[in-house]
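Single-structure report; data block below.
Letters A, B, ... are given to chains in the order of the sequence lines, protein chains preceding strands, and every chain is numbered from 1.
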Protein chains: 2
Amino acid sequence: MDGGFRGEDGLKSLGKVMRVLECFSTRDRSLSLGEICARTGFPKATAHRLVASLRDVGLLDQDRERDRYRLGLRLFELGNTVLANMDLHREARPFVEQLTRLSGHSVHLAVFDGRAAVVIHRADPHAEGSPAAFIEAAPAHCTSVGKAILAFQPPELLARLAGPAGFARYTDRTITHPAALAAHLEETRARGWSLDEGEHQPGLRCIGAPIRDQTGRVFAAISVSAPVRELTQPRIPAAVKLVRHAAQGLSAALGWRG
Amino acid sequence: MDGGFRGEDGLKSLGKVMRVLECFSTRDRSLSLGEICARTGFPKATAHRLVASLRDVGLLDQDRERDRYRLGLRLFELGNTVLANMDLHREARPFVEQLTRLSGHSVHLAVFDGRAAVVIHRADPHAEGSPAAFIEAAPAHCTSVGKAILAFQPPELLARLAGPAGFARYTDRTITHPAALAAHLEETRARGWSLDEGEHQPGLRCIGAPIRDQTGRVFAAISVSAPVRELTQPRIPAAVKLVRHAAQGLSAALGWRG
DNA sequence: GGGTCCGTCCCGCAATGCGGAACAGCGGTC
DNA sequence: GACCGCTGTTCCGCATTGCGGGACGGACCC
């Protein structure tokens, strides 16, 4: 991503700031100044000024001078506020717990950020307490929550999300060709629920359904997932019913009357 | 906070960006351009350029043009990464669960961000699933996690955190005078655990203990809390033992040998 | 239809940020 | 302890970016 701008140009400095922040991930937990230079292409002095400023406002952290950098706690605080302010997250608990209990499968609740499905809630039938594993944004084109959302977006969005070589491949079953995905999403839209047959993770079957806001716009989705040997073909119709019911309940809780 | 810079000046634009982001909170979930102008003091054109840029990179969201702004999902994603990358968070689960079970009280785990105690994990003995309520950064001077951390920081930090009128008052019991707090923290440090007697929330008693990283530096704390009528005076010694044991276990898990 | 208020956009100007180069600090080797 | 190599930090002349007053457009109200 070239500095994160999606529309026309904004503040150039902000674009540079985003490019620095995007160097970090769950795989690249901390980075030296040299590594940040290498990944962003910024000269040493420029990169140093950027990271020093980010550290001063708390968006990056550093244990001591000359040490490696990592994402700062201020981001966690702001991210917490995003979640706390989200109506969907506030309403979700009973629906997610009920779907987990009734289906016996893992449940994911994701919001669309314009290019990926961001999981904001996850529940496992066999785990207790808060989810231990965090999921970064899931690719929209090959996950059930992503496809449940994409099926109800304007057609030009799909064109915009496809890269020059189509969509990224994750497994042998990933649909990478834009035209094939468009047709697939047309089917998803017609039946009102999505199916991921190991397109993102091998051997995993997921069923998703779209969630609407009070204006009827699809902005989120919920899904159940399990290994194929567990969520067998004969069990799909019952799971579909449960997921759609949870999605409709959440949509109604958010003010959708449809 | 004047643009968030703690040291010498950094990028001016980043300071402005932070001032915009800091206008939002769990109380101010969405804001119009005019409201952002009023809170930041920026002229309309300046504020508009800032929020448009933030929206373009996903740090702010807007349902449609001319609509109100809110914090964007990209912040949640980055905040998620902060948490996922945190050794303390990854190691914490069994210690927090055990402390919750043995003490029968609410447990909080917080990290110091340089001025506040940021709660990253919370568990209640009577609640199931992930914590529903989110806590913004807790003031360090009047919470048990905050005081457990402050007691082991350099003395000049306390001077820096105090405002011109001392520390903010939350209840009748809040210690607001810097000298009084310094003496209080000296006692905390000597005995190795902290006590919050309704200093932040009336009628709530909390006991906290510091957590060290592999170098021995105190950067986090854990606490139990309950209403005074539940966590009575005779029950304090047993609770102290449990909290300190959990803190020491977590410190050891992080590589502290002391 | 007119008025008010808010948001968006333009462009001359001022402020900020850039980055090559020099310097400082740290770790490793002899 | 001295030296070397590498990385991080700082400086300052210059170029680019961001600023903000004002004009314009849109939505809402009377």
List the residues meeting side-chain hydrogen bond (donor to acceptor under 3.5 Å, both in side chains) with A:Arg189, not counting sequence neighbours, and say none if there are none.
none
Assess whether a salt bridge exists between B:Asp63 and B:Arg68, defined as any Lys/Arg side-chain N lying under 4.0 Å from an Asp/Glu carboxylate O.
no
Report the distance from atom CZ of B:Arg68 to atom P of C:dT8, rounded to the nearest whole Å.
13 Å
Any residue meeting ring-ring contact (aromatic ring centres under 6.0 Å, His included) with B:Tyr69, in chain and number order, not counting sequence neighbours
none
Do any N or O atoms of the protein come closer than 3.5 Å to N or O atoms of nucleotides 21-29 of chain C, and which pairs are they?
{"residue": "C:dG25", "atom": "N2", "partner": "A:Arg66", "partner atom": "NH2", "Å": "3.4"}

Quick one: do B:Arg39 and B:Asp28 make a salt bridge, cutoff under 4.0 Å?
yes
Take the protein atom CG of A:Leu50 and the nucleotide atom C1' of D:dT17, then report the distance between them rounded to whole Å.
14 Å
Of the nucleotides C:dG17, D:dT9, D:dT17, which one has an atom closest to the side chain of B:Ser13?
C:dG17
Selection from D:dT9, C:dG19, D:dT17 that lies nearest to any side-chain heavy atom of A:Lys12:
D:dT17
Where the side chain of A:Pro43 is defined as all heavy atoms beyond and including C-beta, which of C:dT8, D:dG18, C:dG20 is the nearest nucleotide?
C:dG20
Which residue, A:Gln248, A:Arg212, A:Gln214, A:Arg217, forms the side-chain contact (heavy atoms from CB on, under 4.5 Å) with A:Trp256?
A:Arg212
Worked check of salt bridge (charged side-chain N to carboxylate O under 4.0 Å, His left out) between A:Arg74 and A:Glu77
CA-CA 5 Å; A:Arg74 197 77 192 84; A:Glu77 293 174 50; 3.4 Å; yes
What residues from residues 31-42 of chain A pass a heavy-atom cutoff of under 4.0 Å to DNA chain C?
none
Any salt bridge (Lys or Arg N to Asp or Glu O under 4.0 Å) pairs touching residues 246-258 of chain B, not counting sequence neighbours?
none
Minimum-distance nucleotide (side-chain atoms of B:His48 versus C:dG17, C:dC9, D:dT9)
C:dC9
Can you list everything that forms a ring-ring contact (aromatic ring centres under 6.0 Å, His included) with A:Phe152? Sequence neighbours excluded, please.
none
